[in-house]
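Position 1 is the first residue of the sequence; numbering continues from there. Side chains included, hydrogens not; waters and symmetry mates left out as well; all remaining heavy atoms used.
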Amino acid sequence: MSLSETANAELLFTARLTPYRSLGPRGFRILIGLVGLVCFVVGLVFFIAGLWPVMGFLGLDVLMIYWAFKASYKSGRAYEEVEVSREHVALCKVSPGGQKWNHWFPQFGTRFEVDRHDEIG
């Protein structure tokens with residue numbers, strides 16, 4: 001349910017703010033594959049030299065990098081919705097798990113400014 005469904009006011013501005021993730025799923029698979037390959041080759045060199053515990057620690061490094069990226073992608077599912085009308089300013093914050101927090105502010109005392117850039121639009 002959007003914020004405007006409960007309001008009878010004409011919306012002047014609405015936006016959905018989401019975190020930016022520059023690495024897509026394909027890039028993630030390539031990165032993990034390359035990191036895994038490098039760690040395996042380096043670990044193999046240490047294994048041949050008789051330092052076999054290093055290989056296990058390099059495997060843990062790959063798992064930690066994988067976990068960190070997955071946690072980052074999970075936090076990227078969070079978003080915020082902003083709506084501005086002549087009567088109110090409404091904010092809806094949604095967590096990665098889907099929990100919502102709605103905040104309503106009266107229009108009185110708020111100011112809305114838009115900076116437009118010629119290059120961006």
Side-chain angles (χ1 to χ4, degrees):
M1 179 169 101
S2 80
L3 296 173
S4 61
E5 289 178 6
T6 58
N8 295 328
E10 176 186 348
L11 292 177
L12 301 174
F13 175 80
T14 183
R16 184 176 197 161
L17 308 172
T18 58
Y20 178 69
R21 299 294 186 256
S22 60
L23 188 65
R26 182 173 181 242
F28 171 70
R29 287 190 301 268
I30 291 171
L31 177 71
I32 290 297
L34 288 175
V35 168
L37 181 66
V38 167
C39 286
F40 179 74
V41 170
V42 171
L44 193 59
V45 170
F46 279 103
F47 183 79
I48 291 170
L51 301 169
W52 56 269
V54 173
M55 195 164 198
F57 285 109
L58 289 173
L60 286 175
D61 286 346
V62 174
L63 287 175
M64 291 300 286
I65 291 170
Y66 177 83
W67 175 78
F69 272 97
K70 284 299 186 179
S72 173
Y73 286 132
K74 182 180 178 184
S75 70
R77 292 194 305 246
Y79 63 90
E80 294 179 3
E81 291 179 344
V82 179
E83 293 183 352
V84 178
S85 73
R86 297 203 184 275
E87 286 86 26
H88 70 273
V89 175
L91 301 173
C92 178
K93 184 174 182 173
V94 180
S95 72
Q99 187 177 11
K100 291 185 178 185
W101 294 274
N102 291 321
H103 305 282
W104 292 83
F105 304 99
Q107 184 276 341
F108 179 74
T110 59
R111 179 174 43 200
F112 179 67
E113 294 180 14
V114 176
D115 291 332
R116 301 210 187 267
H117 300 279
D118 294 332
E119 299 170 357
I120 300 171

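- Hydrophobic clustering (ILVMFWY, side-chain heavy atoms < 4.5 Å, transitive): Leu17 and Val89 are in one cluster.
- Two different hydrophobic clusters hold Leu44 and Leu37 under the rule that ILVMFWY side chains link at heavy-atom gaps under 4.5 Å.
- Within 6.0 Å of CZ in Phe57 there are 12 or fewer heavy atoms belonging to other residues, nucleotides or ligands.
- In terms of heavy atoms, Ala78 sits closest to Pro19 at O-CD, 3.0 Å.
- The hydrophobic side chain of Val45 is isolated, with no ILVMFWY side chain under 4.5 Å apart from it.
- Side-chain contact between Glu81 and Thr14: absent, with no pair of heavy atoms (C-beta onward) separated by less than 4.5 Å.
- Taking CG of Leu11 as the start and CZ of Arg86 as the end, the distance is 11.5 Å to the nearest 0.5 Å.
- Residues satisfying the ring-ring contact (aromatic ring centres under 6.0 Å, His included) test with Tyr66, not counting sequence neighbours, are Phe28.
- Residue Ile30 belongs to a hydrophobic cluster whose other members are Leu34, with links defined by side-chain heavy atoms closer than 4.5 Å.
- Applying the 6.0 Å contact sphere to CH2 of Trp101 captures more than 12 heavy atoms from other residues, nucleotides or ligands.
- Between the CE atom in Met55 and the CD1 atom in Ile48 there is a gap of 9.0 Å [rounded to 0.5 Å].
- The heavy-atom pair separating Gly36 from Val62 by the smallest distance is CA-CG2, 3.9 Å.
- Atoms CZ and CD1, on Phe69 and Ile32 in that order, are 6.5 Å from each other to the nearest 0.5 Å.
- The side-chain contact (heavy atoms from CB on, under 4.5 Å) test with Cys92 singles out one residue from Lys100, Glu83, Glu80, and that residue is Lys100.
- At least one side-chain heavy atom of Tyr73 sits under 4.5 Å from a side-chain heavy atom of Leu23.
- Residues Leu51 and Val38 are members of one and the same hydrophobic cluster, defined by side-chain heavy-atom contacts under 4.5 angstrom among Ile, Leu, Val, Met, Phe, Trp and Tyr.
- Applying the ring-ring contact (aromatic ring centres under 6.0 Å, His included) test to every pair with at least one member in residues 35-56, sequence neighbours left out, gives no pairs at all.
- A search for side-chain hydrogen bond (donor to acceptor under 3.5 Å, both in side chains) contacts involving Ser75 returns Arg21, not counting sequence neighbours.
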